[in-house]
Each structure stands twice: as structure tokens, then as C-alpha cells.
Amino acid sequence: MLSQYIKKENCHICRFCCRFQNSNLWDVPLFTDEDKSKLEKKYTHITFKRVSRLWTPMLVKKDDFFDCPFLDHDKGCMLGKSKPFDCAIWPFYVMSKDGKIALVKCFDCEIINNINEDKLNSLLYTYFSQIKDYINKYPDYVKPYIHGFKILFYL
């Protein structure tokens, strides 16, 4: 979704969104049944656990972090275009606030933070219906609102 702004090389160097600490385990990506089935065939060493109606991969403990098992420390994310919804839209989230569903931005991606906000919003609006349709199909992707995240627009 954001590949015109974020190059794979930048993500490979940063890896912020693929490494977790206890405080952000809520952010581990979720996978649909279909995604999980496909990935289990290709990556037989990776296991998943059920989270509501979706799945999350079992993380790999490394130093003080828990790494996504799809993170290759030499090459970056192994999933390429097969990333789950959470990863495809990061550093944006779909969150619920005051009974409304919103697309929000966290400020953890320096590259996204440096993009002109009008350009970014314009790009995000082109995905508005896709995001809304996906959330309607998989409502478990909606997370509770986290104070400090910027609400961009309501779905």
C-alpha cells in the first residue's frame, strides 16, 4: 500500500514493526484462516495460535525482543506481497473510539512521519473502500483506540 513511499531497504534496516516487547505484544500481526493455511504449507516450522477469529504467529524470543517468525534478519520480511492486513497498512491501524471505527496513525515510522500529510491522506483515501470492506469481513482487526494515535478519518 505504501511502497511508493517506503522502500523495502528502509524497512529492512529499521525492522521496528517486526520486533515486539512485552509492552507492544498487542501489535503482533493477525492472519486470516486462508492466510494461515497458505503460510503453514510454505513455512512448516512456524506455528500459529488462535486469537478470536484470526491467528497470530508464535514469536521468536531474541534478546529483549520477540521477533515475528517471518522476519529474516538478513533480508527483512519474508512475506513480500503476502503480508497480512496489519502489516500491509502499518504504521496505520483501524481502531474503535467512542463507538466509531477510525483509521489512525502511530508515529513510529520516521519515513511516514516525513511525508506531506495532504499527499498521505490522498493516498489513504484511495484505499478507503478496500480497508472498510476488509474490516467488515474481518472485524477482529479493529483494535481499541490508543491515546496519542492520530485519527485520520472515520470509516
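All figures in this text were calculated on a predicted structure; none of them were measured in a lab.
With Phe31 as the aromatic partner, Lys36 does not meet the cation-pi criteria of under 6.0 angstrom to the ring centre and within 45 degrees of the ring axis.
Taking the ring centroids of Phe92 and Phe149, they lie at or beyond the 6.0 Å cut-off.
You'll find the side chain of Arg19 stays beyond 4.5 Å of the side chain of Phe66, heavy atoms only. At a threshold of 4.5 Å between non-hydrogen side-chain atoms, the residues Phe70 and Leu39 count as touching. Asp108 has its side chain out of reach of Pro91: every pair of non-hydrogen atoms, C-beta onward, lies at least 4.5 Å apart.
Taken to the nearest 0.5 Å, the OG1 atom of Thr126 stands 7.5 Å off from the CG atom of Leu124. The distance from the CD1 atom of Ile46 to the CE atom of Met78 is 5.0 Å, given to the nearest 0.5 Å. Remark: Leu79 CG to Lys38 NZ distance equals 12.0 Å, nearest 0.5 Å.
With sequence neighbours excluded, the residues forming a side chain to side chain donor-acceptor pair (under 3.5 Å) with Thr32 are Glu34, Asp35, listed by chain and number. Residues that satisfy the side chain to side chain donor-acceptor pair (under 3.5 Å) test with Gln21, not counting sequence neighbours, are absent from this structure. Scored by the ring pair (Phe, Tyr, Trp, His ring centres under 6.0 Å) test, Phe107 finds no partners at all (sequence neighbours excluded). Take Lys150 and apply the salt bridge (charged side-chain N to carboxylate O under 4.0 Å, His left out) test, not counting sequence neighbours, and it matches Glu117. In this view, Phe85 and Tyr134, Tyr141 satisfy the ring pair (Phe, Tyr, Trp, His ring centres under 6.0 Å) rule, not counting sequence neighbours. Partners of Asp86 under the salt bridge (charged side-chain N to carboxylate O under 4.0 Å, His left out) rule, at least two apart in sequence or in another chain, are Lys143.
Note: His45 and Tyr43 have perpendicular aromatic rings, judged against thresholds of 30 and 60 degrees for the angle between ring planes.
In terms of hydrophobic clustering, with Ile, Leu, Val, Met, Phe, Trp and Tyr side chains grouped at heavy-atom distances under 4.5 Å, Val94 and Phe153 are assigned to a common cluster. Under the 4.5 Å side-chain heavy-atom criterion for grouping Ile, Leu, Val, Met, Phe, Trp and Tyr, Tyr125 is connected to Ile131 within one hydrophobic cluster. Cluster membership check: Leu25 does not share its hydrophobic cluster with Tyr145, using side-chain heavy-atom separations under 4.5 Å among Ile, Leu, Val, Met, Phe, Trp and Tyr. The cluster map of Ile, Leu, Val, Met, Phe, Trp and Tyr, joined by side-chain heavy atoms under 4.5 Å apart, puts Met58 and Trp55 in different clusters. The hydrophobic cluster containing Leu54 does not contain Phe20, counting ILVMFWY residues as joined when their side-chain heavy atoms lie under 4.5 angstrom apart, directly or transitively.
For NZ of Lys61, the number of neighbouring non-hydrogen atoms (other residues, nucleotides, ligands) closer than 6.0 Å is greater than 12.
Judged purely by atom type and a 3.5 angstrom limit, Asp140 uses its side chain to pair as donor or acceptor with the backbone of Arg53. Side chain of Ser37 to backbone of Asp33: a donor-acceptor contact under 3.5 angstrom is found. For Asp63 (side chain) and Phe65 (main-chain N/O), no donor-acceptor pair under 3.5 Å exists by modelled atom type.
A pairwise comparison of heavy atoms in Ile111 and Ile115 identifies O-CG1, 3.4 Å as the closest pair. When all heavy atoms are compared, the tightest approach of Pro69 to Leu59 is CD-CD2, 4.2 Å. Closest approach of Asp72 to Lys75, counting heavy atoms only: OD1-N, 3.0 Å. Between Leu71 and Cys77 the shortest heavy-atom distance is CD1-N, 4.5 Å. Cys109 and Trp90 get closest at one heavy-atom pair: CB-CZ3, 3.6 Å. Shortest non-hydrogen contact noted between Met95 and Val104 is SD-CG2, 3.5 Å.
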Pair Tyr127, Leu103 - check side chain to side chain contact (heavy atoms under 4.5 Å, CB included), show working. CA-CA 11 Å; Tyr127 290 99; Leu103 184 70; over 6 Å; no
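Side-chain contact annotation: Asp27 with Tyr93, donor-acceptor N/O pair under 3.5 Å present.
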